[in-house]
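To keep things clear, I will list the structure first and then write my remarks on it.
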Amino acid sequence: QMQLVQSGAEVTKPGSSVKVSCTTSGGTLSAYSFAWVRQVPGQGLEYLGGIIPISGATDFAPRISASVAITADISTNTVYLHLINVASADTAIYYCARDRTETGYDLWGQGTMVTVSS
Amino acid sequence: EIVMTQSPATLSVSPGDRATLSCRASQSVGDDLAWYQQRPGQAPRLLIFEASTRATGIPPRFGGSGSGTDFSLTISSLQSEDLAIYFCQQYKTWPSSSFGQGSKLDI
């Protein structure tokens, strides 16, 4: 059964870049789409963007596309979230999720806490 | 962007009660709606998709209904493990989507 395993917590400074990884185990990356969701502690869920690894096609939420990139490496079954020029407002838990294409996100990673602090 | 609004923000209930949570979309999403449960310290878990279809392994006490702009999640015979925040999500605009702000269930 597929699992999504994310990289560990990050602490970084404003203006830097951060890369969060999400590796599938027990399944093939190329068979699915994946999404990234952000959650500021104590607050709700926010869709950031998604990727179809087999084609590399990406989608981003309108308000944050300038500071986020999403890539995938099929050979290592890993999708990546790149946060660029981060600010304190980017402090949050970042989740990857398997997107079953119009039936919701049926599998989630454990989450990665990213803390931006000077 | 489709805005999802959930109510109530918090619902206080007792074990054995029935709870109904609401979700309203700013424009029609058909039945392209999912519900998630997020227990404290955990990642969200898919409960319902296509507005009323239970995901794999979800017990029948969880039920979804509605279409268009108004949706409900009903939890019958509440158990202590149902203490969580519940989020709705529209995926009418797939691959983009949007979530409601969540409803917290206090047992």
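Just so it is clear, the model here is predicted, and its values are computed rather than measured. Naming: A, B, ... by sequence-line order, numbering from 1 per chain.
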Of all heavy-atom pairs between [X] and [Y], which one has the smallest distance, and what is that distance?
| X | Y | result |
| --- | --- | --- |
| Tyr80(A) | Thr78(A) | CZ-CG2, 3.5 Å |
| Gly15(A) | Asn85(A) | CA-OD1, 3.2 Å |
| Cys23(B) | Met4(B) | SG-CE, 3.5 Å |
| Leu81(A) | Tyr94(A) | CD2-CD2, 3.5 Å |
| Leu11(B) | Pro8(B) | CB-CG, 3.9 Å |
| Arg98(A) | Met2(A) | NH1-SD, 3.5 Å |

*Check the hydrophobic clustering (I, L, V, M, F, W, Y; side-chain heavy atoms under 4.5 Å; chains of links allowed) and say if Leu4(A) and Phe49(B) are grouped together.*
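No: no chain of side-chain contacts under 4.5 Å links Leu4(A) to Phe49(B).
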
*Residue by residue, scan residues 83-100 of chain B and write down, ordered by number, those that have a heavy-atom distance under 4.5 Å to chain A; if none do, write 'none'.*
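Against chain A, the residues of residues 83-100 of chain B that fall inside the cut-off (heavy atoms, under 4.5 Å) are Phe87(B), Gln89(B), Tyr91(B), Trp94(B), Pro95(B), Ser96(B), Ser97(B), Phe99(B).
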
Heavy atoms, side chains only, cut-off 4.5 Å: are [X] and [Y] in contact?
| X | Y | result |
| --- | --- | --- |
| Thr74(B) | Phe62(B) | no |
| Tyr47(A) | Asp59(A) | yes |
| Gln27(B) | Val29(B) | no |

Looking only at heavy atoms, which of [range] get nearer than 4.5 Å to chain B?
| range | value |
| --- | --- |
| residues 49-57 of chain A | Ile52(A) |
| residues 106-118 of chain A | Asp106(A), Trp108(A), Gly109(A) |
| residues 32-45 of chain A | Ser33(A), Val37(A), Gln39(A), Gln43(A), Gly44(A), Leu45(A) |

Sub-3.5 Å donor-acceptor pair from the side chain of [X] to the main-chain atoms of [Y], do we have one?
| X | Y | answer |
| --- | --- | --- |
| Asp99(A) | Tyr105(A) | no |
| Thr28(A) | Ala31(A) | no |
| Ser7(A) | Ser21(A) | yes |

*Please determine if Arg100(A) and Glu50(B) form a salt bridge, counting it only when a charged side-chain N lies under 4.0 Å from a carboxylate O.*
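Answer for the salt bridge query: no.
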
*What distance do Ile48(B) atom CD1 and Leu33(B) atom CG have between them, rounded to the nearest 0.5 Å?*
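So the CD1 of Ile48(B) and the CG of Leu33(B) are separated by 10.0 Å.
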
*Which residue out of Pro44(B), Ala34(B), Ala43(B) racks up the most heavy-atom pairs below 4.5 Å with chain A?*
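Of the candidates given, the most pairs with chain A belong to Pro44(B).
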
*Could you tell me which of Gln38(B), Arg45(B), Gln101(B) has the largest number of non-hydrogen atom pairs under 4.5 Å with chain A?*
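With the most close heavy-atom pairs to chain A, the winner is Gln38(B).
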
*Per-residue contact mode, Glu1(B) against chain A (heavy atom under 4.5 angstrom)*: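 Side chain of Glu1(B) only, per the 4.5 Å heavy-atom cut-off to chain A.
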
_Worked verdict on Glu81(B) versus Arg39(B) for side-chain contact (heavy atoms from CB on, under 4.5 Å)_ = CA-CA 8 Å; Glu81(B) 65 200 46; Arg39(B) 291 172 173 151; 3.9 Å; yes

*asked:* Within the 3.5 Å criterion, strictly below it, is a donor on Thr71(A) or His82(A) matched to an acceptor on the partner's side chain?
replied: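 Short answer, yes.
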
*asked:* The test is side-chain contact (heavy atoms from CB on, under 4.5 Å); show your working for Ser77(B) and Arg18(B) and say whether it passes.
replied: CA-CA 5 Å; Ser77(B) 190; Arg18(B) 176 187 181 96; over 6 Å; no

